[in-house]
Amino acid sequence: MTSEGFIPSYETGTEWLRCVGASSDVVMSSRVRLARNLAGWRFGHKAGHGDRQKVLEVCRDRIAAAGLSGVGASTSPAPATPTAPPQIMWIDLRESPPIERQLLVERHLISKQHSKGKPLPDLKAGDVETTDPRGVAIALPDERLSIMVNEEDHLRIQAVRGGLALAEAWADADRADDLLESQLDFAYSPRFGYLTCCPTNVGTGVRMSLMLHLPGLKLTGDIEKVKRAAGDMNLAVRGFYGEGSEAAGDFYQISNQTTLGKGEQAILNDLAGEIIPKIVEYERLARRNLLSKRGAALEDQVYRALGLLTHARLLTAEESMQMLSHVRLGVVMGLVSDVDLASVNALMLLTQPAHLQRVMGTELDQEQRRNARAQLIRRRLLKTN
Amino acid sequence: MKCDKCDNEATVHEMIVKGGVKTERHLCEHCARELGLNPGGATLGQLITKFVVAPQGQPLAPASKPAAPARPTPPTSCRGCGTTFADFKQTGRLGCSECYAIFETQLGPLLERAHEGATHHMGKSPKRWEERAARAESDSARRERIDDLRRRLEQAVMAEQYEAAVVLRDELRKIEAQGTV
């Protein structure tokens with residue numbers, strides 16, 4: 001396990017923007033998260049600094065010893081980093097500057113809450129970010145596996161795959177869980193399953209979620225029906241950055257909420273075998289209908305977005321995301337031929353504040369970021385034009 | 001016998017002898033209550049207490065309210081981390097794994113509501129637990145087999161079927177030798 005340096009392939013590495021996998025015209029990524037706690041230790045919010053430090057050390061050392069580097073590793077090397085061997089990188093978030101933590105949030109490797117840290121009873125409020133013991137282990141080069149330590153639960157194992165590949169993501173998470181379990185004693189009860197800080201996660205501790213791009217359903221207004229149906233099936237619909245975030249750029253995350261009394265395989269089958277393929281079909285139908293009935297208006301929207309992105313001088317992250325969403329729709333529907341999907345997907349990540357500053361190689365305030373964002377998008381899109 | 005007032009079965013019977021004239025009333029519990037009779041009455045034990053045991057002038061517990069059996073009160077705080085159920089209701093979070101055992105009764109209905117009526121875990125479990133459960137299952141099966149063999153051996157001896165008894169005894173020894181129960 002390495003701890004020096006930072007994600008070397010920040011421009012391309014992340015799995016969820018690689019636009020690969022089944023149904024990737026609609027499904028951006030499939031994600032599986034497992035919540036686990038160590039037996040005999042208090043849950044995070046009830047533990048003092050000393051206990052959190054001990055849990056961090058135990059987990060960090062066991063993660064290093066568990067042989068996780070092969071989990072989720074590509075059978076063929078990733079195109080962006082053809083020579084990088086799979087390895088687990090450990091990041092102690094107390095030592096990370098805020099911009100690096102923000103980078104991890106934007107890449108969906110840690111939660112916002114984990115980036116900030118927890119106010120502990122024995123710490124002053126201002127100290128939280130640099131003193132709350134917490135970290136993350138990330139499998140490189142693909143970032144298909146990451147493990148947050150000392151988030152709400154002691155361990156949050158996350159596996160992600162591009163496109164509709166929930167079974168593969170589950171296999172990675174399951175394998176990582178088995179390897180960690182051989183090193184650690186997890187809190188478990190035969191009645192309640194894996195014991196978690198919040199009882200909404202108890203049982204399997206599993207959250208399976210799919211990031212969907214649904215601009216067609218948004219345009220036809222049928223997205224509300226999907227949301228209602230999802231709610232009826234006890235599924236949560238969230239925005240691009242999870243809980244509490246807006247559905248920026250028509251991206252929606254759909255995930256299971258029930259974790260008790262339903263096995264992992266049943267949750268997987270319901271989502272990947274039944275519900276998501278139906279939503280995918282529904283979205284494709286909406287896109288086809290828009291094209292046949294309102295073709296000119298659809299094309300106009302796509303090209304207006306492209307025009308704005310290639311000519312604007314100041315762009316907010318929200319506006320970029322919305323315009324990139326329209327262009328993405330145009331690309332996957334074959335309305336735009338001279339922009340490639342990979343560039344659009346990459347820009348969705350690179351226009352986020354921390355990534356933007358990393359690409360530009362300097363710290364930027366909000367106004368400077370708007371200018372830099374417009375500049376980066378122009379450069380990237382016009383190069384392929 | 002039917003109630004004098006309605007069609008219900010009469011369960012309260014009253015006989016009054018006044019001036020040499022005997023009158024009887026047969027009533028159901030409901031009608032007896034309406035007429036001011038106390039159908040529940042006092043139990044024989046309570047009557048004995050009232051008239052025989054209790055000292056004069058000392059008030060007694062009302063006959064209609066027998067003492068409720070003692071019910072265990074649910075624990076108010078977790079001995080592992082000090083979390084109270086009120087804390088949990090406020091924050092939605094438990095403090096440690098022991099909280100689940102301590103507040104099991106109170107948590108049950110809440111979990112049912114949150115998880116589509118589920119009460120028990122389904123799915124993956126740690127290998128250690130699986131091994132423990134498998135061991136417990138095989139121990140229990142072995143114990144049953146031993147009990148069965150002992151019973152049949154006893155019956156064989158009683159019936160003086162010594163050849164069958166020898167076979168059963170050998171089998172019993174073999175299983176017992178596999179481990180201590």
Side-chain angles (χ1 to χ4, degrees), chain A residues 34 36-48 51 118 152-154 170 173-174 177-206 232-235 256-268 270, chain B residues 72 74-141 143:
Chain A
L34 292 172
R36 298 286 186 260
N37 285 284
L38 306 191
W41 293 87
R42 288 180 179 196
F43 298 148
H45 74 108
K46 269 283 180 182
D51 277 1
K118 264 187 201 58
E152 183 177 279
D153 295 297
H154 295 148
W170 160 243
D174 188 28
D177 182 43
D178 285 347
L179 289 167
L180 287 169
E181 186 205 288
S182 68
Q183 304 277 330
L184 295 161
D185 193 10
F186 290 149
Y188 178 86
S189 102
R191 177 175 176 190
F192 293 128
Y194 290 94
L195 305 176
T196 54
C197 178
C198 183
T200 53
N201 296 315
V202 79
T204 54
V206 80
D232 289 347
M233 286 180 282
N234 265 297
L235 301 172
N256 69 297
Q257 297 199 96
T258 302
T259 53
L260 186 69
K262 195 168 180 181
E264 299 84 354
Q265 205 57 49
I267 297 170
L268 174 67
D270 278 0
Chain B
T76 51
S77 66
C78 173
R79 57 179 178 265
C81 65
T83 297
T84 64
F85 198 68
D87 291 339
F88 164 69
K89 282 204 281 194
Q90 203 181 350
T91 63
R93 290 182 299 179
L94 294 163
C96 68
S97 43
E98 210 171 322
C99 288
Y100 278 95
I102 300 279
F103 303 126
E104 185 171 357
T105 321
Q106 296 105 305
L107 278 173
L110 293 176
L111 290 173
E112 266 185 72
R113 275 203 295 277
H115 296 281
E116 298 179 78
T119 55
H120 285 76
H121 172 56
M122 296 266 289
K124 190 175 178 175
S125 54
K127 296 276 178 301
R128 288 190 188 102
W129 278 88
E130 283 171 21
E131 284 159 12
R132 208 179 298 172
R135 247 195 333 267
E137 202 174 305
S138 77
D139 276 356
S140 146
R143 206 173 286 126

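- Most heavy-atom pairs under 4.5 Å with chain A, from the set B:Gly117, B:Ser97, B:Gly123, B:Ala101: that is B:Ser97.
- Taking the charged nitrogens against the carboxylate oxygens, A:Asp174 and B:Lys124 do have a contact shorter than 4.0 Å, which makes a salt bridge.
- Aromatic ring orientation, A:Tyr188 versus A:Tyr194: perpendicular (interplanar angle above 60°, classes split at 30° and 60°).
- Taking chain B as the reference chain and counting heavy-atom pairs below 4.5 Å, the highest number among A:Pro190, A:Ser189, A:Gly261, A:Ala187 is found for A:Gly261.
- Only the backbone of A:Gln257 comes within less than 4.5 Å of a heavy atom of chain B; no side-chain atom from C-beta onward does.
- Of the residues considered (A:Pro199, A:Ala39, A:Gly44), A:Pro199 shows the highest number of contacts with chain B, using heavy-atom pairs under 4.5 Å.
- When heavy atoms are compared at a cutoff of 4.5 Å, A:Val206 does not approach chain B at all.
- Minimum heavy-atom separation, A:His154 to A:Leu38: ND1-N, 2.9 Å.
- Formation of a donor-acceptor pair under 3.5 Å by the A:Thr204 side chain with backbone atoms of A:Thr259 is found in this model.
- Using bins of under 30°, 30° to 60° and over 60° for the plane-to-plane angle, the ring pair B:Tyr100/A:Phe192 lands in the tilted bin.
- Among B:Cys81, B:Ala114, B:Ala118, the residue with the largest count of heavy-atom pairs under 4.5 Å with chain A is B:Cys81.
- Interface remark: A:Ser182 contributes backbone atoms only to the contact with chain B (heavy atom separation under 4.5 Å).
- A:Glu181 approaches B:Ser125 most closely through the heavy-atom pair OE1-O, 4.3 Å.
- Of all the heavy atoms in B:His115 and A:Thr200, the pair that sits closest is CE1-O, 3.3 Å.
- No part of A:Asn37 comes within reach of chain B, as not one of its non-hydrogen atoms sits under 4.5 angstrom from that chain.
- Neither the backbone nor the side chain of A:Leu34 comes within contact range of chain B; no heavy atoms are under 4.5 Å apart.
- In terms of heavy-atom pairs under 4.5 Å with chain B, the best-connected choice from A:Leu195, A:Thr258, A:Leu260 is A:Leu260.
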